[in-house]
Amino acid sequence: MSLMAGRGAGPRARLFCYDRRIAINTARATLSSWHDRLIAATMLLFAFAAARSWLLDRAWPIAAWTAFGAGILIGLTAGRQIAMRLAFQSFDGPLAADALCPALRERYLIAWCTIGLTLLAIFTVIARPSLLIASLPGYLIGAFVGHVTGNFFIAGFGSGKAGFGRVLRSWIHRPGAGILAAAILLLSLAFTAQYLRGDALFVVAGIETALSGLALTIVDDSNVRFQTIAGRGAWRIIGRQARGAMLFVGIAAPVCAFAFGPALALVVAATSIATLLLMAMRTLAYRIHGKGFADFIVSMLTGLLILTAFSMPIVLPFVGIAILWQLQRRSAARTWLLA
């Protein structure tokens with residue numbers, strides 16, 4: 001049916017229409033009930049309100065740099081997803097001939113990038129129209145870099161799911177990885193504390209903790225789906241993947257409280273919890289959707305949480321719990337599901 005819809009649009013738009021129909025059908029399946037649509041609409045409106053409130057309260061240079069950075073991140077995600085989708089269509093898709101034609105690939109790329117640019121422009125106009133001059137160039141730069149690096153990754157390293165990469169991902173979820181990361185963090189802070197004090201040390205601790213946490217919470221989408229169809233529940237999968245990260249924060253936070261004070265320990269603990277929350281959202285999303293659409297959803301939810309943290313931090317725990325509950329509710333039905 002999707003392919004017939006693509007044929008009706010003519011050969012030049014066939015590839016784009018095929019993936020557009022898949023995206024529409026996926027969205028309909030994801031928001032199949034009025035309850036899901038109400039939650040999605042509420043979260044979207046809340047994101048708009050939070051972004052507008054935060055950006056309007058900031059000086060224009062700060063808001064502009066924020067919009068520029070957000071545009072780059074969104075563009076990177078879009079460019080990479082387009083590159084991955086074209087790679088799939090070129091090798092395994094039903095329209096491989098179209099995907100291998102340079103002219104049609106260019107049309108496909110321009111069409112999807114234009115849609116992303118339009119949505120970002122609408123969001124920026126609602127939030128603060130003067131930031132268009134920052135967000136749109138950021139998106140274009142990010143989309144270009146994302147597409148180029150996505151193609152390089154595909155051509156040079158393949159899918160990255162075999163060999164050394166798979167062994168590394170398996171090791172970082174073990175407790176030993178968390179102990180090693182905590183030791184590295186503490187030694188680094190002990191050295192840095194000799195030269196930095198106050199906020200500068202907090203920034204260094206936050207950055208190092210974020211990097212360690214993100215490394216310890218890498219999620220393999222294919223492994224999550226395999227465990228899901230094999231009958232493992234969501235929290236069992238998350239618990240197994242979180243062993244290294246939990247041990248990391250369990251060691252690093254108390255030692256930091258004793259050696260550097262409770263404020264720095266709070267930074268380490270909060271940053272670690274944020275990376276664990278991100279891992280939980282990605283794991284639950286991978287149980288429901290394919291990697292591309294799941295990453296898109298997680299990116300949107302992460303943006304919502306960041307905006308909430310800046311604008312209304314008091315409701316952040318409730319928003320996080322609501323997101324996890326909704327994802328868990330939808331992912332529970334996927335256990336043992338083979339199709």
Side-chain angles (χ1 to χ4, degrees), residues 1-7 9-27 29-30 71-120 139-169 214 218-226 228-229 282-283 285-300 339:
M1 181 178 67
S2 304
L3 190 56
M4 294 301 294
R7 286 176 180 170
R12 293 186 176 182
R14 192 164 50 189
L15 185 62
F16 168 75
C17 290
Y18 177 77
D19 276 359
R20 183 186 63 184
R21 176 53 57 189
I22 291 176
I24 293 173
N25 290 342
T26 302
T30 303
I72 289 179
L73 291 176
I74 295 171
L76 279 170
T77 303
R80 183 173 176 80
Q81 293 302 319
I82 291 171
M84 297 292 287
R85 188 60 186 171
L86 281 172
F88 167 79
Q89 289 285 13
S90 299
F91 291 99
D92 300 314
L95 298 173
D98 290 4
L100 291 170
C101 175
L104 296 181
R105 288 172 65 91
E106 184 177 346
R107 289 176 180 271
Y108 178 92
L109 172 64
I110 292 174
W112 281 115
C113 282
T114 301
I115 290 176
L117 192 69
T118 302
L119 293 176
L120 179 62
Y139 174 87
L140 294 175
I141 294 172
F144 174 77
V145 174
H147 188 69
V148 171
T149 55
N151 284 328
F152 175 76
F153 178 82
I154 294 165
F157 299 97
S159 62
K161 296 180 186 273
F164 178 75
R166 182 179 290 276
V167 174
L168 180 62
R169 280 193 295 271
L214 291 173
I218 292 176
V219 181
D220 187 339
D221 59 299
S222 61
N223 183 268
V224 170
R225 281 192 288 273
F226 174 79
T228 299
I229 64 176
R282 292 184 68 191
T283 301
Y286 286 152
R287 286 167 57 92
I288 307 171
H289 307 290
K291 178 175 172 55
F293 194 70
D295 286 340
F296 173 75
I297 290 176
V298 171
S299 298
M300 297 295 293

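Distance check: L117 CG to I110 CD1 gives 12.0 Å after rounding to the nearest 0.5 Å. Considering CG of D221 and CZ of R287, their distance stands at 14.0 Å, rounded to 0.5 Å. In this structure, I115 CD1 and L120 CG are separated by 13.5 Å, a value rounded to the nearest 0.5 Å. Within the model, atoms CD1 of I24 and SG of C17 stand 9.0 Å from one another, a figure rounded to the nearest 0.5 Å. Once rounded to the nearest 0.5 Å, the distance linking CG of D220 with CZ of F226 reads 11.5 Å. Atom OH of residue Y139 and atom CG of residue L73 lie 13.0 Å apart, to the nearest 0.5 angstrom.
Residues L109 and I82 approach most closely at CD1-CG2, 3.6 Å, considering heavy atoms. Taking both residues in full, the closest heavy atoms of A143 and C113 are given as CB-SG, 4.3 Å, listed atom of the first, atom of the second, then distance.
Side-chain contact of Y18 with R14: a donor-acceptor pair under 3.5 Å is absent, judged by distance alone.
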* Asked: Stepwise, does the side chain to side chain contact (heavy atoms under 4.5 Å, CB included) test hold for S222 with Y286?
  -> CA-CA 8 Å; S222 61; Y286 286 152; over 6 Å; no
* To do: Applying side chain to side chain contact (heavy atoms under 4.5 Å, CB included), run through D19 and Q89 and close with a yes or a no.
  => CA-CA 10 Å; D19 276 359; Q89 289 285 13; 3.0 Å; yes
* Before giving the answer on side chain to side chain contact (heavy atoms under 4.5 Å, CB included), spell out for I22 and R85 the whole-Å C-alpha distance, their side-chain angles and the decisive distance to 0.1 Å. => CA-CA 12 Å; I22 291 176; R85 188 60 186 171; 3.3 Å; yes
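A 4.5 Å side-chain heavy-atom check between L86 and L15 finds at least one atom pair inside the cut-off.
Judged purely by atom type and a 3.5 angstrom limit, Y108 has no side-chain atom pairing as donor or acceptor with the backbone of A103.
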